[in-house]
J.: 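I have a structure here, written as structure tokens, and I will follow up with some questions on it.
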Amino acid sequence: MTARPPIVAPSILSADFSRLGEAIAIADPEREWVHCDVMDHQFVPNLTFGPLIVAATRKLTRAIVDVHLMVERPWLMVDDFRAAGADVISVHLEAAPQTREVLRQIRATGAKAGLAIKPGTPYAAAAPYLPDLDVFLVMTVEPGFGGQAFMSEMLDKVTAARAEREKKKLEFLIEVDGGIAEATARTARAAGGDVFVAGNAIYHTSDPHAALAALRAAIAG
Ligand code: DX5
Ligand code: ZN
């Protein structure tokens, strides 16, 4: 099986948008992803941004642009986010009853297809779709806001997905999103995660560059 080096995905949700260029510049395009949280005030009780900011992000980095759609009816927006430059587009299982169809739609645009689950959604609900995924995104907080406490109980989903990937020789990456800091990144890596989204732990610090380096070190080895 191909080795998968762990990846940190700085989440711009926690960045200062008046200095977005500086915030994104800390990501090393060779190894990091830039995570963009799209919220519609319907699927989650918060409202963030749309394709315009994703297009700006695309211009600011060569890194993989990872778009996490926390929206109702995501299929209506997939094409616009791909046109804006998204490399990975993840939709929520809870918002996409025609799951396979939306995943196919994402791949048809040329983007990688991701499926995200909220803390209340069991692993078993997502398991049938794992063979159709490039990314399985396990939420370790309730989606909607940065800066919440990590829910370690969710790591059972990561472990289960990892085991299924080995068993069926699948290729998807496991992304862990919410409450990631050095210690939680370490446990999430040990549970089998590949991609670690971090907002506050990077951007709500006095030295985001050093905070990112500390996260890289926490998941290395
Ligand atoms: C929450 C978002 C996360 C958020 C994580 O709904 O999906 O990506 O940015 O922020 P932290 O790392 O602060 O928990
Ligand atoms: Zn996210």
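These values consider heavy atoms only, across backbone and side chains, with no hydrogens, waters or symmetry-generated copies. Both ligands and their constituent atoms are indexed starting at 1 by order of listing.
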J.: Just which atoms of ligand 1 are under 4.0 Å from any heavy atom in M39?
T.: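 So the atoms of ligand 1 that pass are 6 (O).
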J.: Backbone or side chain, does any N or O of G144 fall under 3.5 Å from an N or O of ligand 1?
T.: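 Yes.
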J.: Check this for me, if you would: do D134 and R107 make a salt bridge, where the nitrogen-to-carboxylate-oxygen distance has to be below 4.0 angstrom?
T.: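 So D134 pairs with R107 through a salt bridge.
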J.: Begin from the C-alpha positions of E171 and R4 and carry the test salt bridge (charged side-chain N to carboxylate O under 4.0 Å, His left out) through to its verdict.
T.: CA-CA 10 Å; E171 292 292 335; R4 297 177 181 81; 3.2 Å; yes
J.: Going by the angle between their ring planes, with limits at 30° and 60°, are Y123 and F136 parallel, tilted or perpendicular?
T.: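 Plane angle over 60°, so perpendicular.
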J.: Quick one: do E101 and R104 make a salt bridge, cutoff under 4.0 Å?
T.: no
J.: Out of all atoms in ligand 1, which are within 4.0 Å of some heavy atom of L13? Include the element for each.
T.: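 Checking each atom against L13, I get 4 (C), 9 (O).
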J.: Between K112 and F172, is NZ or CZ placed under 6.0 angstrom from the six-membered ring centre and within 45° of the ring axis?
T.: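 No; the conditions do not both hold, so K112 does not lie above the ring face of F172.
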J.: So, Q148 side chain and E142 main chain: donor-acceptor pair closer than 3.5 Å or not?
T.: yes
J.: When you check the side-chain N and O atoms of D66 and H68, is any donor under 3.5 Å from an acceptor?
T.: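 Judged by distance alone, the side chains do not pair up.
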J.: Atoms of ligand 1 less than 4.0 Å from G147 heavy atoms?
T.: 11 (P), 13 (O), 14 (O)
J.: Quick check for you: within a radius under 2.8 Å, how many protein N, O or S atoms neighbour the Zn ion (ligand 2)?
T.: 4
J.: Could you say whether the N/O atoms of H35 and ligand 1 ever approach to under 3.5 Å?
T.: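 Yes, H35 has an N/O under 3.5 Å of an N/O on ligand 1.
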J.: Using heavy atoms and a threshold below 4.0 Å, how should the contact between M70 and ligand 1 be classified: side chain, backbone, both, or neither?
T.: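 Answer for M70: side chain.
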J.: Check if A201 has a non-hydrogen atom at a distance under 4.0 Å from any atom of ligand 1.
T.: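 No, A201 has no heavy atoms under 4.0 Å from ligand 1.
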J.: Which of the numbered atoms in ligand 1 are under 4.0 angstrom from any heavy atom belonging to N200?
T.: 11 (P), 12 (O), 13 (O)
J.: Does any N/O atom on A198 come nearer than 3.5 Å to any N/O atom on ligand 1?
T.: no
J.: Among all protein heavy atoms in this structure, tell me which lies nearest to atom 10 (O) of ligand 1, with the distance rounded to 0.1 Å.
T.: G146 CA, 3.5 Å
J.: Which of the numbered atoms in ligand 1 are below 4.0 angstrom from a heavy atom of V197?
T.: 8 (O)
J.: Distance under 4.0 Å to a non-hydrogen atom of P143: what atoms of ligand 1 satisfy this?
T.: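 The atoms of ligand 1 under 4.0 Å from a heavy atom of P143 are 6 (O).
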J.: What atoms of ligand 1 come within less than 4.0 Å of a heavy atom belonging to H68?
T.: 7 (O)
J.: Assess whether a salt bridge exists between R62 and D28, defined as any Lys/Arg side-chain N lying under 4.0 Å from an Asp/Glu carboxylate O.
T.: no
J.: What protein heavy atom sits nearest atom 4 (C) of ligand 1, and how far away is it?
T.: D37 OD2, 3.6 Å
J.: Mind listing the closest non-hydrogen atom pair of V102 and A96 along with its distance?
T.: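 Answer, listing the atom of V102 first, then A96: CG2-CB, 4.1 Å.
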J.: Any idea which atoms of ligand 1 are less than 4.0 Å away from a heavy-atom of G178?
T.: 14 (O)
J.: Polar contacts were defined as any N/O atom of the residue lying under 3.5 Å from an N/O atom of the ligand; does this apply to G199 and ligand 1?
T.: yes
J.: Please report which non-hydrogen protein atom sits nearest to atom 5 (C) of ligand 1, along with the residue it belongs to and the distance in Å to one decimal place.
T.: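 The closest one turns out to be D177 OD1, 3.7 Å.
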J.: Give yes if a backbone or side-chain nitrogen or oxygen of Q148 is under 3.5 Å from a nitrogen or oxygen of ligand 1, and no if not.
T.: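 No, there is no polar N/O contact under 3.5 Å.
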J.: Mark the output for F145 as yes if a heavy-atom distance to ligand 1 is under 4.0 Å, and as no if none is.
T.: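 Under 4.0 Å: yes for F145.
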J.: In the protein, which heavy atom is nearest to atom 14 (O) of ligand 1, and how far is it?
T.: G179 N, 2.8 Å
J.: Hydrogens and angles aside, do T205 and D207 bring a side-chain donor and acceptor to less than 3.5 Å of each other?
T.: no
J.: Identify the protein heavy atom lying closest to atom 9 (O) of ligand 1, giving its residue, its atom name and the separation to 0.1 Å.
T.: S11 OG, 2.7 Å
J.: Could you pull out the closest heavy-atom pair between I180 and A185, with the gap in Å?
T.: CG2-CB, 3.8 Å
